[in-house]
*Asks:* 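If you scroll down you'll find the structure; I have some questions about it.
Here is the naming used below: chain letters follow the sequence lines, and residue numbers restart at 1 for every chain.
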Protein chains: 2
Amino acid sequence: MKVGQLSADGIERRSGVSLWRQIADKILHAIAIGDFTENAALPPEVALAERYGVNRHTVRNAISALVREGVLRAEQGRGTFVLSRKRLSYPIGARTRFSTGLQGQTTERHIVLLASSVEPASQRVAEGLGLPKGADVIRLETRGEADGRPVSRAAGWFEARRFAGIDAAMAETGSITASLARFGIDDYLRQSTVLSARHADAADLADLDLQPGAIVLVTVAVNVTPDGQPIQFSESRFPAERVELKLSAL
Amino acid sequence: MKVGQLSADGIERRSGVSLWRQIADKILHAIAIGDFTENAALPPEVALAERYGVNRHTVRNAISALVREGVLRAEQGRGTFVLSRKRLSYPIGARTRFSTGLQGQTTERHIVLLASSVEPASQRVAEGLGLPKGADVIRLETRGEADGRPVSRAAGWFEARRFAGIDAAMAETGSITASLARFGIDDYLRQSTVLSARHADAADLADLDLQPGAIVLVTVAVNVTPDGQPIQFSESRFPAERVELKLSAL
DNA sequence: TAAATTTGTCTATTGATATAGACAACTATA
DNA sequence: TATAGTTGTCTATATCAATAGACAAATTTA
């Protein structure tokens with residue numbers, strides 16, 4: 001049995017992160033980068049325990065957490081096997097579109113409109129859209145799903161005057177691009193993207209179906225028309241264990 | 001005392017991540033996004049304990065960890081104050097350069113060459129550089145520092161035949177750009193960047209001076225000459241609590 | 001079929017994490 | 001100079017995390 005795929009070190013005691021959680025993260029990472037393909041067998045519990053210098057029960061704790069998450073499947077007498085697949089690669093470039101970006105990687109993908117509202121623009125939204133602070137903006141809360149699993153959770157803001165009714169269009173079409181087309185926007189470009197990462201908070205855990213301790217990638221972006229008018233300000237969260245971002249020059 | 005800057009929820013019990021570590025992360029995040037500026041006073045311990053629904057001792061645990069990290073300073077009778085500053089914004093675009101990218105954000109920045117070696121190209125390095133697998137490549141291990149704090153940790157691979165001696169050039173100049181110039185490369189472009197995030201492992205903790213549980217942003221990138229020849233394959237790690245990545249179109 | 005391998009379950013013990021309460025030490029302010 | 005507000009320290013207790021060992025249950029292999 002080849003065990004070399006899981007890095008041996010990186011287990012820290014008294015760190016505030018339990019050993020079983022650290023080991024679970026290592027297994028998740030190994031799967032995410034493709035070191036374990038679907039249906040591959042994990043090394044046996046005793047081997048993992050020895051590798052990380054912990055008790056077998058601690059390894060079992062990590063594995064049972066991943067079994068609960070639906071990442072692994074344990075079979076008594078046989079072994080423990082990988083269920084989930086490699087990370088999706090989500091492209092970010094001048095023309096970043098949800099559906100086309102994941103083409104070829106998933107058999108199915110769509111955006112669900114979770115909620116929408118009209119609200120006064122906060123400081124950063126106003127700055128991003130080039131509006132006065134407090135101007136009315138429409139907020140769309142959406143979740144991206146691919147093959148039935150959540151892969152993104154986003155909030156998008158649009159100038160309310162110009163895009164009145166975009167919430168209905170979004171509910172109907174399930175596509176930002178198609179919704180914007182109804183307002184005469186045939187093309188738009190990604191002007192700026194700021195990227196960060198943090199631990200998932202309670203909302204992320206619920207929205208993206210994650211377990212506590214998971215990491216989310218966060219992008220804050222502005223989309224503009226080809227002549228430079230800002231039309232959309234957005235903040236998106238991606239589960240780092242399921243998605244990587246592929247930055248394409250353009 | 002204004003307490004609204006720290007989000008109230010997101011504290012998960014029995015998650016494998018201790019409450020004090022979760023609270024420490026929240027405080028770090030609030031500082032990182034600029035909700036607490038330098039020298040600002042944190043809410044008093046009792047207020048934080050009430051806000052998160054935990055015991056005061058648990059909050060004290062979180063704070064003392066951040067004091068050890070050099071992020072906070074506690075003064076008996078007065079309060080607890082913020083030492084560290086806002087996250088650096090590291091630009092990534094067609095022409096991604098370490099030093100120029102941080103201009104204006106730091107008074108000082110430089111790259112340290114930690115180690116170099118010649119090795120056969122692994123699968124992914126060979127693919128990235130367009131070489132046969134196993135071809136000799138030079139690996140440069142570097143750390144980027146700004147105002148005395150580590151902000152990046154990178155491994156870069158170059159074709160050994162073409163760039164023999166680039167390790168010496170790097171040690172001398174402290175600049176990838178300057179080193180490449182000695183080989184007649186006056187300009188180079190970022191061809192591709194793949195971005196992910198994970199928990200820091202033991203090596204990251206040591207190299208980037210982080211505490212267990214910290215998050216690192218990871219970029220895997222290929223640089224090419226203007227006519228498209230791959231010259232450098234690199235993997236860089238950034239501490240998410242100190243750096244955000246600003247993706248610039250171009 | 002027997003032996004080896006692997007996951008599942010149980011008991012017991014130790015150390016880290018979290019709660020609870022009380023009070024000391026220090027600072028700023030009325 | 002009191003008083004209120006804040007951090008620092010101590011004791012005690014309960015719960016979670018991790019270790020240790022033993023054996024059962026299921027599967028594969030010799």
*Asks:* Think A:Thr80 has a side-chain N or O under 4.0 angstrom from the OP1 or OP2 of C:dT6?
*Replies:* no
*Asks:* Would you say A:Arg13 reaches D:dA18's phosphate, i.e. side-chain N/O to OP1/OP2 under 4.0 Å?
*Replies:* no
*Asks:* Given atom CD of B:Glu50 and atom P of C:dA20, what is their separation to the nearest angstrom?
*Replies:* 13 Å
*Asks:* Compare the minimum distances between each of C:dA18, D:dT7, C:dG8 and the side chain of B:Ser18, then state the nucleotide with the smallest one.
*Replies:* C:dA18
*Asks:* For A:Asn39 and A:Thr37: C-alpha separation, side-chain torsions, deciding distance, then whether side-chain contact (heavy atoms from CB on, under 4.5 Å) applies.
*Replies:* CA-CA 6 Å; A:Asn39 295 319; A:Thr37 56; over 6 Å; no
*Asks:* Roughly how many Å is it from CG in A:Asn61 to P in C:dT9, rounded to a whole number?
*Replies:* 13 Å
*Asks:* Under 3.5 Å between N/O atoms: give me all the protein pairs with nucleotides 14-16 of chain D, atom names plus distance.
*Replies:*
| residue | atom | partner | partner atom | Å |
| --- | --- | --- | --- | --- |
| D:dC16 | OP1 | B:Arg14 | NE | 3.2 |

*Asks:* Answer yes when B:Glu141 and B:Arg153 have at least one side-chain N-carboxylate O distance shorter than 4.0 Å, and no when they do not.
*Replies:* yes
*Asks:* Determine the contact category for A:Val54: base if any of its heavy atoms lies under 4.0 Å from a base atom, sugar-phosphate if only primed atoms, P, OP1 or OP2 are that close, otherwise nothing.
*Replies:* sugar-phosphate
*Asks:* Please indicate whether A:Glu50 has more than 12 foreign heavy atoms, meaning atoms of other residues, nucleotides or ligands, lying under 6.0 Å from its CD.
*Replies:* no
*Asks:* Rounded to whole angstroms, how far apart are CZ on A:Phe81 and C1' on C:dT7?
*Replies:* 11 Å
*Asks:* Let me know the distance between CG of A:Leu48 and C1' of D:dT19, rounded to the nearest Å.
*Replies:* 17 Å
*Asks:* Just by modelled atom types, is the A:Val17 backbone N or O under 3.5 Å from a matching donor or acceptor in the A:Gln22 side chain?
*Replies:* yes
*Asks:* Find out whether A:Val112 and A:Thr142 are in side-chain contact, i.e. whether some heavy atom of one side chain is under 4.5 Å from a heavy atom of the other.
*Replies:* no
*Asks:* Over how many whole Å does the gap from B:Leu19 atom CG to D:dA17 atom C1' extend?
*Replies:* 13 Å
*Asks:* Does a side-chain heavy-atom distance below 4.5 Å link B:Arg87 with B:Val243?
*Replies:* no
*Asks:* Figure out the CZ/C1' separation between A:Arg73 and C:dT7, and round it to whole Å.
*Replies:* 14 Å
*Asks:* Does some side-chain heavy atom of A:Leu217 sit less than 4.5 Å from a side-chain heavy atom of B:Leu217?
*Replies:* yes
*Asks:* Hey, is the main chain of B:Gly16 close enough, under 3.5 Å, to the side chain of A:Ser18 for a donor-acceptor pair?
*Replies:* yes
*Asks:* Could you tell me whether the phosphate oxygens of C:dG8, OP1 or OP2, come under 4.0 Å of any side-chain nitrogen or oxygen in A:Arg60?
*Replies:* yes
*Asks:* Could you state the CD-P distance from B:Glu45 to D:dT9, rounded to the nearest angstrom?
*Replies:* 11 Å
*Asks:* Closer than 3.5 angstrom, by distance alone: can the side chain of B:Arg73 be matched with the main-chain N or O of B:Leu83 as a donor-acceptor pair?
*Replies:* no
*Asks:* Checking contacts here: which listed nucleotide (D:dA18, D:dG8, C:dT17) is nearest the side-chain heavy atoms of B:Trp20?
*Replies:* C:dT17
*Asks:* How does each nucleotide of nucleotides 21-30 of chain C score, in 5' to 3' order, for protein heavy atoms under 4.0 Å: base (B), sugar-phosphate only (S), or none (-)?
*Replies:* BB--BBSS--
